Amino acid sequence: MRSPGQLKLIHLATLSACALMAGAAMADAQNPVAPEPEAVDQAAAKADEGSNILTPVVVTGSRIAQRGFTQPTPTTRLNASDLEKQAHPNIFQSIVELPALQGSTGRTTFTNSTSSGLQGLSSLSMRGLAPIRTLTLLDGQRVVPANVTGVTDISQFPQLLIQQVDVVTGGAGASYGSDAVGGVVNFITDKRFKGFKANIEGGQTNYGDDETGALQMAWGRSFMDERGHISVSAEVVREKGVPSPRFGGIGANGRTWFNNPAWQQRPTSQTTDGKPQLFDIRNAQQFQYSKYGLITQGPLQGTAFGKDGVPYQFQYGSNGVPNGTGGVTGCITPFCVGGDLSGTIGGGTTMGMDLKRQVLYSRASYELDDDTEVYFTVNLAKTDARNTPNPGSPKLDNLTIQCENPYVPASIKQACVDKGITSFKFGTAYGNQPKDIEVNPVREQKRFVIGANGKFQGLGTTWSYDSYLEHGENHIDLKVSNIMLNPRFNAAIDAIRLPDGTIGCRNPVARASGCAPLNILGDVVQDQAALNYVFPAVGPHQLSTQRQTVASFNVNGQPFSNWAGPVAVALGAEARKEGYWVTGDPYGNGVYPATPNTADYPADPLLNTSVGNNWFAGNYHAAVGAYNVEEGFVEMNAPLFKSDRMGDANLNVAVRRTQYSTAGGITSWKAGSTWKTGVDGLRLRYVMSRDVRAPNLSELFAAPVVINQAVNYLGNTYNVQQRTIGNVNLRPELADNKSIGLVLANPKWAPGLSLSFDYYDIKLKDVISTFGAQQQVDLCAAGNQEFCAAMDLVSPVKYVQLQAFNLAKMRNKGYDLEGLYRFSLAGVGMPGKVTLRGLGTRTKSFLVTSGIIGTIPAERAGVNLGDTPKWKAQFSQTWEGETVSVSFAQRYISKGVYSNEFIECQTNCPVSTAQHQTIDNNQMKGATYFDLSGSYKINKNITAYFKIDNVTDVTPPNAPGTNTGYGVNPSLFDVLGRVYRIGARLNY
């Protein structure tokens, strides 16, 4: 039940806005942005051409529409020309290279994942705070999420009609609502485009892969004396990706940089000898399996199986010798260095996904009169991604083979007799699996917006207004193929000789349900019946629907003036509903009314029907949830003073009250000021804000999963049900955001020069995070009653509920630098003009406090295994002539460390601890990339262009871990290598 105090501000904003809008039609939330007064006037003049409606001039990060208004929140802009120079087939790649964007997901991230659901999802993240804390808008409007976390997919945006992109590197929650903790990215379309334009592009890497083709077209025209306007864009883009090189520790298609990096990790108890606990190694050999099978324990340890199942002695790295108990001398479990690397799977991950994008966008508008425009937009999009997480289906020392198994070679059977054993432990990469696992998420978006904008007279002044109603749906169809059912695999490999002399599965229940025996000992022909049994034709399947409905209206005006000039006011209200529905298959989710057995998933007595989790990976679970949001805001910009000597200054304040049906009410606000000093071109700005992120659908309504677990509480061990569920009692995350900066813009003594410096400090508390069962029990024992309420160790049915909790904290601080200088060469007798631009972000500290007992705050700044290097920078130098332009660009990632909590040492090391592990090498390289692009104007309608990314083919630095993987960090570094692209742009 909402109290009057909670709704007071919402009602006030709603009633005020309705009163101001009386007698007027609704309007569109257009957000052309201009940081300088001169640019504002030019933008307004252009917008007025052929139109009677005055287009609102709104600065992204603020709702104020006032000419000459310069917002205090730092904003970086990329216009259409900047984006064209990047020549990326997906505009996402152009944006993600900006220094403030850190931790974004794209086509080269999560390629090693089966179950995340993030494959092929292009989402933006500011300052390493994760995409869920960056608000992404299209024309100032929210876009239906493409994932249960609430993030949007940039690949579904109409890219050819993007006129500019504004990146607000600061809190803007009071103006735009929840999720703008790290900032806002606003994609602004050209709403008055006339004519026809197209872009045709093709490319590939230096290694002959990731072939790319793009065809994009847009058309627009006005009608009925310029009162009506329609524009349409369509695009089809295919980036074919980098295929998996499969086994053997080799790079894809001749990439020589892969060397299987990993960490050897000793037990902490052994670190009293002065040596480090962690050793940074290359050519790591995971000795718990081989490509076609390896005996991993017992007297036969070290026996591998090769062609036709013939046994041979496995070659361990590090001159290792098996000890019969699973260990290898000279090696540290589970790694040796070197040796037989034919079964290595780490390099077999897809480097870049195969991604196909299809987008159709249309906007139609009509001016009912000189003061009112109505419009309708349709955005239909489909993305189809494919990736291979790893080759084969590795089983790490967790299989048992009976010596009597008919597929065991005679020599091994005799060795079993000689050694007095009846079975042996076995590990395999399953190198003879016919096809590798393929993950295929398909996202289909349908988004519709109807709205209106215009102006009206009220309270003695002219008001502008905008309003829209949006409904969007994203349907995600995630299929996994070529993947095994673990219970069937375990039954199939346990073969016996039946009384009739044939080979069959030992388990009679399995035999009766169709089990066919499978031989996995060596490089042998796989029986098709066994493959059909272990690898069903229909694999894991998840269907998900994201729905969003938004109703919003806002008004802008200058109702009065103070001693320094007119005071601008913006106010409005918004109602939003977010919901999702997701279901899995019965083998992954368990058999329930929502996920029954079907012809594709028939009942099988071997499978777990209550918990599911029967697949090798990709066990998707069903869930459903929704929440409502109602909010209202007021923003004001008031001039403080204006004089020739002191310059002029303004005060910008905003407050927003938001009511969530799940998380309750919360207030966000901001207060800032901009002072255009008396010094030519110099401006100071400061803003502080309280921003919020409400818990998303996946955190509130996580799919329930129940498994058995053991925990220790106050010295006693309990077997409990570990129940993973959502937490509808989560509170919003709260962020205190501060920014102070200096701007030098176009001084008379250096026309065309702009420089800025902004220091930022983001404090985030009540961060939503998840914990393990033992961690939750420990937090309860320490007196945290919220965790005690999520467990019961007294009743006969004991349980621990794994939920998300508001416990962690984050603090990110640093500074942004930006410089732009445009000048003509006419003064030195040369043709053309030059544009120099540089942007850089220095992350001084990114401290994360988990709240987990026994841990310390972790410093993420400069950790190049993560998302936030100390420095991320971008530079470009462009010369543009009448028909030719050339651009040279550099991207820089500073060197860093694996972890700021590691202690680097080779000798005389202190005893390693859980908080400060010792390591022999804690250095991780950075990278500098050089890009080259150019264009040639063939005639007034056709321009040809080229682009070369990573001209020097810089290889990504090694990114090791305690498990072998593909050994790179695609969140920071280029993993594709040198890329060539050519294309042509047509304008008519």
Side-chain angles (χ1 to χ4, degrees), residues 96 99 101-106 108-113 116 118 125-131 251 257-265 276-284 286 335 346-347 349 351 389-390 769 808 810 812 814 841-850 852 855-873 891-905 912 914-929 954-976:
V96 79
L101 273 297
Q102 300 168 355
S104 304
T105 70
T108 60
T109 60
F110 292 99
T111 59
N112 60 340
S113 169
S116 69
L118 297 174
S125 168
M126 202 82 72
R127 306 207 186 284
L129 295 173
W257 48 261
F258 179 75
N259 55 17
N260 220 43
W263 292 329
Q264 289 179 318
Q265 180 173 345
Q277 180 182 15
L278 297 169
F279 295 91
D280 186 21
I281 64 172
R282 305 293 177 264
N283 297 316
Q286 198 155 18
F335 297 126
T349 298
M351 284 286 101
N390 56 260
S769 50
M810 296 180 181
N812 189 315
T841 292
R842 168 70 160 97
T843 305
K844 292 181 64 64
S845 177
F846 187 10
L847 206 61
V848 178
T849 304
S850 70
I852 298 174
T855 65
I856 60 174
E859 177 57 78
R860 292 185 182 178
V863 175
N864 282 10
L865 286 176
D867 302 323
T868 49
K870 288 184 177 180
W871 276 102
K872 182 181 177 183
R891 294 172 282 139
Y892 173 71
I893 303 292
S894 61
K895 65 180 181 180
V897 296
Y898 296 143
S899 171
N900 283 307
E901 280 60 64
F902 285 169
I903 298 174
E904 182 176 336
C905 57
S912 190
Q915 291 79 20
H916 294 292
Q917 294 179 285
T918 54
I919 189 171
D920 65 336
N921 173 48
N922 191 31
Q923 306 303 310
M924 185 167 174
K925 294 180 180 180
T928 301
Y929 303 102
V954 175
T955 61
N958 290 302
T962 54
N963 287 314
T964 54
Y966 57 166
V968 293
N969 180 9
S971 294
L972 284 185
F973 299 100
D974 173 13
V975 299
L976 299 179

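Here the structure is a predicted model, which means the values were calculated and not measured. Along the sequence shown, residues are numbered consecutively beginning with 1.
Under a 3.5 Å cut-off, the side chain of Asp920 and the backbone N or O of Asp280 do form a donor-acceptor pair. When atom types are taken as modelled, the side chain of Lys872 and the backbone of Leu101 share a donor-acceptor pair closer than 3.5 angstrom. With Thr918 contributing its side chain and Gln277 its backbone, the two residues share a donor-acceptor pair below 3.5 Å. For Asn864 (side chain) and Ser894 (main-chain N/O), a donor-acceptor pair under 3.5 Å exists by modelled atom type. Although no hydrogens or angles enter the test, the distance criterion places a donor-acceptor pair under 3.5 Å between the side chain of Tyr929 and the main chain of Asp974. Formation of a donor-acceptor pair under 3.5 Å by the Thr349 side chain with backbone atoms of Asn390 is not found in this model. In this structure, the side chain of Gln264 does not engage the main chain of Phe279 through any donor-acceptor pair within 3.5 Å. In terms of modelled atom types and a separation under 3.5 Å, the side chain of His916 and the main chain of Glu901 share a donor-acceptor contact. Between the Asn969 side chain and the Gly866 main chain, a donor and an acceptor come within less than 3.5 Å of each other. Here the side chain of Asn922 pairs no donor or acceptor atom with the backbone of Val897 at under 3.5 angstrom.
Counting heavy atoms from C-beta outward, Val968 and Phe258 have side chains that stay 4.5 Å or more apart. Looking at Pro131 and Thr105, their side chains come closer than 4.5 Å, going by heavy atoms from C-beta outward. The side-chain heavy atoms of Met126 and Gln102, taken from C-beta on, include no pair separated by under 4.5 Å. Side-chain contact between Phe973 and Val954 is absent, with no heavy atoms from C-beta onward closer than 4.5 Å. Put simply, the side chain of Asp867 does not reach to within 4.5 Å of the side chain of Ser125, judged on heavy atoms.
In summary, the side chains of Thr868 and Thr843 do not present any donor paired with an acceptor at a separation below 3.5 Å, with no hydrogens or angles considered.
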